[in-house]
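What's counted below: heavy atoms across the whole structure, side chains too, no hydrogens, waters or symmetry copies. Here is how names work: the chains are called A, B, and so on, in the same order as the sequence lines, proteins then strands, and each is numbered from 1.
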Amino acid sequence: LASLNAMLSAYAMNDELSQAKSMFQWMPVWNLISWNTLLRVLASSGSLAGARELLDTMPDHDLVAVTSMLTAYAQQGHLEEAKNIFDAIPDPDTVSWNAMLAAYAQNGHLSGAKKLFDSMPVRNLSSWNSMISVCGQLDDVFAAESIFHSMHSWDMVSLNALLTAYAQEGHLLKAEQLFEELPVTNLVSSTCMISLYGVNGLVEDAERVFYALPEVDMFTWSSMVSVYGMNGYQREAEAMFHEMPQQSLVSATVMITAYVQQGKLEKAKCVFDRMARHDPVSSSALLAGYVANGYTEQARKVFEEMPYRCKSSWNAMLSADAEKGDLLQAL
RNA sequence: CUGCUCGAGGGC
């Protein structure tokens with residue numbers, strides 16, 4: 001059973017939801033770990049409703065299951081739900097506390113994060129790492145450094161959190177210095193540097209980091225395409241986009257944005273139409289392009305076909321209205 | 001064998 005569970009877990013890592021589901025059904029017996037693993041697959045695939053339903057039908061809940069659910073809500077931006085789950089846990093362990101801490105941090109509730117951190121009965125490395133990230137989001141590099149230096153032990157995540165804090169505040173030199181001093185880096189550090197170089201117009205530096213990597217992933221690929229795009233290197237962006245072994249919502253959106261910036265709306269539309277699915281971000285990327293160029297009709301069409309409407313989509317639409325003095329018409 | 005911390009995309 002343990003080895004079947006391990007296989008199930010491998011599907012979870014690769015986000016292979018349907019494979020995981022059918023494997024689960026074929027398993028002759030299940031234990032709590034099997035259920036928890038399936039829950040995790042559902043949760044990380046973004047299927048909140050499915051995860052919730054599974055949680056309610058599972059024979060038992062333990063802390064692991066509930067914490068997975070908490071994280072799922074947090075990652076979809078449902079901070080209140082996450083907090084409700086946390087509050088209902090009678091005796092949370094450090095991982096659950098950390099999950100709640102991360103929920104605050106990832107949703108921008110930085111004061112909530114600080115408060116929770118202060119009230120934690122036990123903190124571990126993950127807790128401290130989250131706080132470095134919180135300081136980074138507050139643009140308080142000094143506090144991030146202080147935390148880092150006060151830590152008795154640190155790991156790659158701590159270093160990357162600090163690196164990200166530097167990047168966020170635009171401390172190119174500090175980030176560069178840290179990155180170059182590190183004996184070991186990983187894809188997270190490299191992606192951070194690639195996009196930092198990109199926003200500073202240092203395309204060749206970004207390339208140097210990218211091409212030195214022994215292997216790349218979706219994040220590094222997308223960020224390199226983005227660097228090309230935001231610096232007007234349309235052909236390079238295109239080439240890299242098409243060389244990518246796999247596409248994702250993000251990589252396609254990056255490419256759409258690159259075309260939009262060049263005013264190549266037909267090409268942007270073409271990428272958009274080839275996407276397996278759309279989300280509010282990919283739709284608003286194209287929408288913004290139409291709006292900026294006064295194509296109200298096309299903008300409205302994209303808007304109406306959006307998978308679900310959210311506040312951010314309305315913002316793009318409203319700015320179209322303002323520019324055209326055509327408020328109700330655009331909708 | 002399962003849960004927590006760091007990196008990529010639009011608008012504001």
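For E80(A), the CD atom sits in a loose shell: 12 or fewer heavy atoms of surrounding residues, nucleotides or ligands are nearer than 6.0 Å.
The side chain to side chain donor-acceptor pair (under 3.5 Å) test applied to T220(A) returns D217(A), not counting sequence neighbours. Residues passing the side chain to side chain donor-acceptor pair (under 3.5 Å) test with N84(A), sequence neighbours excluded: none. Residues passing the side chain to side chain donor-acceptor pair (under 3.5 Å) test with N231(A): none are found, sequence neighbours excluded. Residues satisfying the side-chain contact (heavy atoms from CB on, under 4.5 Å) test with R123(A), not counting sequence neighbours, are F117(A), M120(A), S127(A), W128(A). Here Q234(A) pairs with E238(A), K264(A) under the side chain to side chain donor-acceptor pair (under 3.5 Å) rule; sequence neighbours left out. Partners of E16(A) under the salt bridge (Lys or Arg N to Asp or Glu O under 4.0 Å) rule, at least two apart in sequence or in another chain, do not exist in this structure.
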With a cut-off of 3.5 Å and sequence neighbours excluded, list every side-chain donor-acceptor pair involving residues 52-60 of chain A.
{"from": "T57(A)", "atom 1": "OG1", "to": "E53(A)", "atom 2": "O", "distance (Å)": "3.0"}
{"from": "T57(A)", "atom 1": "OG1", "to": "L54(A)", "atom 2": "O", "distance (Å)": "3.0"}

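For S96(A), counting side-chain heavy atoms from C-beta on, the closest listed nucleotide (C4(B), G3(B), G10(B)) is G3(B). Nearest nucleotide to the side chain of T164(A), out of G10(B), C1(B), G7(B): G7(B). Among the nucleotides G7(B), A8(B), U5(B), the one closest to any side-chain atom of C192(A) is G7(B). Residue N36(A) has its side chain nearest to U2(B) when only G3(B), U2(B), A8(B) are considered. Here the side chain of T71(A) is nearest to one of G7(B), G3(B), C1(B), namely G3(B).
Sorted by first and then second residue, the side-chain hydrogen bond (donor to acceptor under 3.5 Å, both in side chains) pairs with a member in residues 108-119 of chain A form an empty list; sequence neighbours excluded. For residues 38-47 of chain A, no residue pair satisfies the side-chain hydrogen bond (donor to acceptor under 3.5 Å, both in side chains) rule, not counting sequence neighbours.
Distance check, rounded to the nearest 0.5 Å: CD1 of I85(A) to CG of L70(A) gives 5.5 Å.
Scanning atom types as modelled, no donor and acceptor separated by under 3.5 angstrom connect the side chain of S68(A) and the base of G3(B). Judged by distance alone with a 3.5 Å cut-off, no donor-acceptor contact links the side chain of N98(A) to the base of G3(B).
Scanning RNA chain B for stems, defined as runs of 3 or more consecutive Watson-Crick or G-U wobble pairs whose donor-acceptor distances all fall under 3.5 Å, gives no such range.
Nucleotide G7(B) holds its P atom 14 Å from the CG atom of D155(A), rounded to whole Å.
A heavy atom closer than 4.0 Å to some atom of RNA chain B occurs in D217(A), M218(A), F219(A), S222(A), these being the qualifying members of residues 199-222 of chain A. For the segment residues 165-190 of chain A, residues with any heavy atom less than 4.0 angstrom from an atom of RNA chain B are, sorted by number, L187(A), V188(A).
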